[in-house]
Amino acid sequence: MPELPEVETIKRGLIPSLKGNIIKNVILRRKNLRIPFPENLQQALEGQKIEGIKRRSKYLIFELDSDDCMIMHLGMSGKVLVKEKKPEEFEKHDHIIIEFSDGKTLVFNDARRFGLVTLCKKSELEKHKLFSALGPEPLSNNFNEEVLYNALRNKSSPIKNAIMDAHVVVGVGNIYACESLFRSGLSPLKKSSSISKKKIGELTANIINVLNEAIESGGSTLKDYVHANGEMGYFQHSFQVYGREGEDCGTCLKAIKRVKQLGRSTFYCPNCQK
DNA sequence: CGCGCTCCCTGGCCGC
DNA sequence: TGCGGCCAGGGAGCGC
């Protein structure tokens, strides 16, 4: 499901309901998602206050008042919804239900189960296997033309693969990779190391801009992505190439093409993107 | 080491 | 209406 803008939107939506709220009860309806839940997940959560919610890459990090935090990843199809009270009946694929002392309930639903939920000591987050090898956050000062150019200058892979690689920069998934390359006039097939520093500078700016614009629009709703309150995002109406195979390019009116890279669909305008 | 292929899993949609 | 095939926002692991 979600790329960086969607996870950021979810995080922002969760904070008003959950920050300062105390976990009363945790219901696990299965033992695992992509990886097994920690044995002590329930004990570690129950009775804890949510001190804050952060995001790193596409991971949500719930800080507890103990030394722990809960790490959550939504995979492709994961949703987290805040409900005013505990639902009478669980929906299919509701895997984790967290009840809070004020009566609200957080429900984690993930049909494809590519998501994960685990625990980590706050002091060990940066060292955690999930985080230790990650590249810079694209919306932080750690990401700029210099950083991206140095990450790509020796790469033989196509530029689209490279910017979707979390070692290079985190949070850029299939949609925003396609859109930022279109804005930059760069072919997704072009070899990373062959791109000029000037072009990499443009791409850097376009990655940042497209992510920021998507966050302002509340993310992109394709099939079933919704905010923590159930509302939809609307950045999908701003897509220039993603999902538009065969349609006219908005710039040159030639047809947008779809190809496969790393088993995933890439959309681009062969005329505008060289 | 860098890179790409395959797989994890479910569900929706399309064509026959 | 049913079934097979293809598609989907992510990421780890393995083999070359």
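This is a predicted model, so every value here is computed, not measured. Every chain is numbered from 1, with letters handed out A, B, ... down the list of sequences.
- Taking side-chain N and O atoms only, A:Lys155 has a distance below 4.0 Å to OP1 or OP2 of B:dC3.
- The residue A:Phe235 sits apart from the nucleic acid: no heavy atom pair falls under 4.0 Å.
- The nearest whole Å value for the distance from the CD atom in A:Gln261 to the P atom in B:dG4 is 9 Å.
- Note on A:Ser156: every side-chain N or O is 4.0 Å or more away from OP1 and OP2 of B:dG2.
- Following rounding to the nearest Å, A:Ile35 (CD1) and C:dG10 (P) show an atom-to-atom distance of 18 Å.
- The pair A:Glu8-A:Arg12 meets the salt-bridge criterion, with a side-chain N (NZ, NE, NH1 or NH2) lying under 4.0 Å from an Asp/Glu carboxylate O.
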Could you list, one pair per line, each protein nitrogen or oxygen that sits under 3.5 Å from a nitrogen or oxygen of nucleotides 6-9 of chain B, together with the distance?
{"unit_1": "B:dC9", "atom_1": "O3'", "unit_2": "A:Arg113", "atom_2": "NH2", "d": "3.2"}
{"unit_1": "B:dC9", "atom_1": "O2", "unit_2": "A:Arg112", "atom_2": "NE", "d": "3.1"}

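- Using a 30° and 60° split on the angle between ring planes, A:His95 and A:Phe108 fall in the tilted class, from 30° to 60°.
- If you take CG of A:Asp94 and C1' of B:dT10, they are 15 Å apart, rounded to a whole angstrom.
- Residue A:Asp110 is classed as having no contact, given no heavy-atom separation below 4.0 Å to the nucleic acid.
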| Steps toward side-chain hydrogen bond (donor to acceptor under 3.5 Å, both in side chains) verdict (A:Asn109, A:Lys92) | CA-CA 8 Å; A:Asn109 179 294; A:Lys92 199 171 182 185; over 6 Å; no
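- In this structure, A:His93 atom NE2 and B:dG12 atom P are separated by 8 Å, rounded to whole Å.
- One atom, CD of A:Glu245, and another, P of B:dC13, lie 18 Å apart when rounded to the nearest Å.
- Between A:Asn161 and B:dG4, a side-chain N or O to OP1/OP2 separation shorter than 4.0 Å is present.
- Contact between the side-chain N/O atoms of A:Ser77 and the OP1/OP2 oxygens of B:dG11 is not found at any separation under 4.0 Å.
- Using a 4.0 Å cut-off between a side-chain N of Lys or Arg and a carboxylate O of Asp or Glu, A:Arg244 and A:Glu247 qualify as a salt bridge.
- Residues A:Phe267 and A:Phe239 place their aromatic rings such that the two centres sit no closer than 6.0 Å.
- Picking from B:dG11, C:dG9, B:dC3 the nucleotide with the shortest atom distance to the side chain of A:Ser157 gives B:dC3.
- As rounded to whole Å, 15 Å separates atom C1' of B:dG4 from atom CG of A:Leu189.
- Here A:Lys58 does not reach the OP1 or OP2 of C:dG9: none of its side-chain N or O atoms lies under 4.0 Å away.
- Looking at residues 125-133 of chain A, you'll see that no heavy atom sits under 4.0 Å from any atom of DNA chain B.
- Distance from the side chain of A:Lys92 is smallest to B:dG11 among C:dG10, B:dG11, B:dG4.
- In DNA chain C, consecutive stretches of 3 or more Watson-Crick or G-U wobble pairs with both distances under 3.5 Å are given as paired ranges: B:2-8 with C:10-16, B:10-16 with C:2-8.
- More than 12 heavy atoms of other residues, nucleotides or ligands sit less than 6.0 Å from atom NZ of A:Lys122.
- The shortest distance between side-chain heavy atoms of A:Val169 and A:Phe143 falls below 4.5 Å.
- Taking every heavy atom of both residues into account, A:Ile215 and A:Thr9 meet most closely at O-OG1, 4.2 Å.
- Between A:Tyr59 and C:dG10, a side-chain N or O to OP1/OP2 separation shorter than 4.0 Å is absent.
- Classification of the A:Tyr176-A:Phe235 ring pair by plane angle, with boundaries at 30° and 60°, yields tilted.
- Side-chain contact check for A:Lys104 and A:Ser17: no donor-acceptor pair (N or O, by modelled atom type) lies under 3.5 Å.
- Nearest heavy atom pair, residue A:Pro158 against residue A:Pro188, reads CB-O, 3.4 Å.
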| Hey, mind stepping through A:Lys85 and A:Glu99 against salt bridge (Lys or Arg N to Asp or Glu O under 4.0 Å) and telling me if it holds? | CA-CA 8 Å; A:Lys85 57 180 184 177; A:Glu99 299 174 68; over 6 Å; no
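- The side chain of A:Ile175 lies closest to C:dG9 when the candidates are C:dC7, B:dC3, C:dG9.
- Here the nucleotide nearest the side chain of A:His73, chosen from B:dT10, C:dG10, C:dC7, is C:dG10.
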